[in-house]
Amino acid sequence: MVFLTFPSYQAMSEAAADIFAETLRKKPDAVLGLATGSTPIGLYEELARRYAAGALDFSAATSYNLDEYIGLAGDHPQSYRYFMNQQLFSRVNIDLARTFVPSGLSDDFATDGRAYDAAIAAAGGIDLQLLGIGNNGHIGFNEPDAVFSKETHPITLTESTIQANARFFDTIDEVPRQAITMGMGTIMAAKKVLLVANGAGKAEIVRQAVSGPVTPRLPASILQFHPDVTVLFAEQ
Ligand code: F6R
């Protein structure tokens, strides 16, 4: 595992963009695993800036997002599909038809999850998986639990995640209680993992994830078993 600390959020975002740029340079048709939340916003800004400057080309790339809220359609402003369209997809030349976010509307999320994993495998697997980390150590929406869940699956969000994500909604009551998320098997199958974390508030959970016991009670800890993980941490 490579662990790098940066003095600023901007410096961390640029370093994360360097890793995306390197992936796309080596493999223009790379399969990118993408994340939402506040931490990747600076990275997406930087990718959009580099694309506008002619330094990046997403035309052959494919993307699969980690997760989506159950109950929100893709045109809902708080949905992760909407977030990705706004923050990245509409600002670079990725083919929107090759951007995938799990659907938040379904009669059968378990079947959808298996189909999502099968599609990722059929695309050749994820070359670079971007992750944030929740205050409780979740990655994607894999919440602390007694076991690791392997496949993309529906889950019930913990109170801590609902509270953390309430900042994006008008009231806490509007935060969906469930989500669909890539599983740990899906994430661990990525060829390379890039975890970004911002600010002193994340320092302790990141420390536990990278050097504490590997346990489903702190889902990100499983990354200690992945052969190619880079963690970028911004101190402020
Ligand atoms: C988002 C996701 C989550 C976030 C995590 C950190 O797609 O999967 O695991 O990465 O909740 O969120 P922020 O960056 O807002 O602190």
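Start at 1 and go down the list; that is how both ligands and their atoms are numbered.
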Where does [X] meet ligand 1, judged by heavy-atom distances below 4.0 Å: at the side chain, the backbone, both, or neither?
X      : result
Asp67  : side chain
Ile133 : backbone
Arg167 : side chain
Leu66  : side chain

Among protein heavy atoms, which lies nearest [atom], and at what distance?
atom                    : value
atom 16 (O) of ligand 1 : Lys202 NZ, 2.7 Å
atom 11 (O) of ligand 1 : His138 NE2, 2.7 Å
atom 1 (C) of ligand 1  : Thr36 OG1, 3.1 Å
atom 10 (O) of ligand 1 : Gly132 CA, 3.2 Å
atom 12 (O) of ligand 1 : Gly37 CA, 4.2 Å

Evaluate Glu46 against Ser13 for side chain to side chain donor-acceptor pair (under 3.5 Å), listing each step before the verdict. CA-CA 7 Å; Glu46 185 61 20; Ser13 299; over 6 Å; no
So [Y] and [X], do their side chains get closer than 4.5 Å, heavy atoms only?
X      : Y      : result
Arg177 : Leu157 : no
Asp127 : Lys192 : no
Glu45  : Arg91  : yes

Relative to the heavy atoms of Thr39, which atoms of ligand 1 are at a distance of less than 4.0 Å? 13 (P), 14 (O), 16 (O)
Can you list the ligand 1 atoms lying under 4.0 Å from a non-hydrogen atom of Gly140? 2 (C), 3 (C), 8 (O), 9 (O)
Looking only at distances, can you tell me whether any N or O atom of Tyr80, backbone or side chain, sits closer than 3.5 Å to an N or O atom of ligand 1? no
Would you check the N or O atoms of Ala35, main chain and side chain alike, for any that come under 3.5 Å of an N or O of ligand 1? no
Answer yes when Glu22 and Lys26 have at least one side-chain N-carboxylate O distance shorter than 4.0 Å, and no when they do not. yes
If the threshold is 4.0 Å, N to carboxylate O, is there a salt bridge linking Arg98 and Asp29? no
Is the centre of the Phe6 ring less than 6.0 Å from the centre of the Phe233 ring? no
Tyr51 vs Phe58 aromatic rings, parallel, tilted or perpendicular, using cut-offs 30° and 60°? perpendicular
Consider ring pair (Phe, Tyr, Trp, His ring centres under 6.0 Å). Of Phe169, Phe168, Phe109, which one does Tyr69 pass it with? Phe169
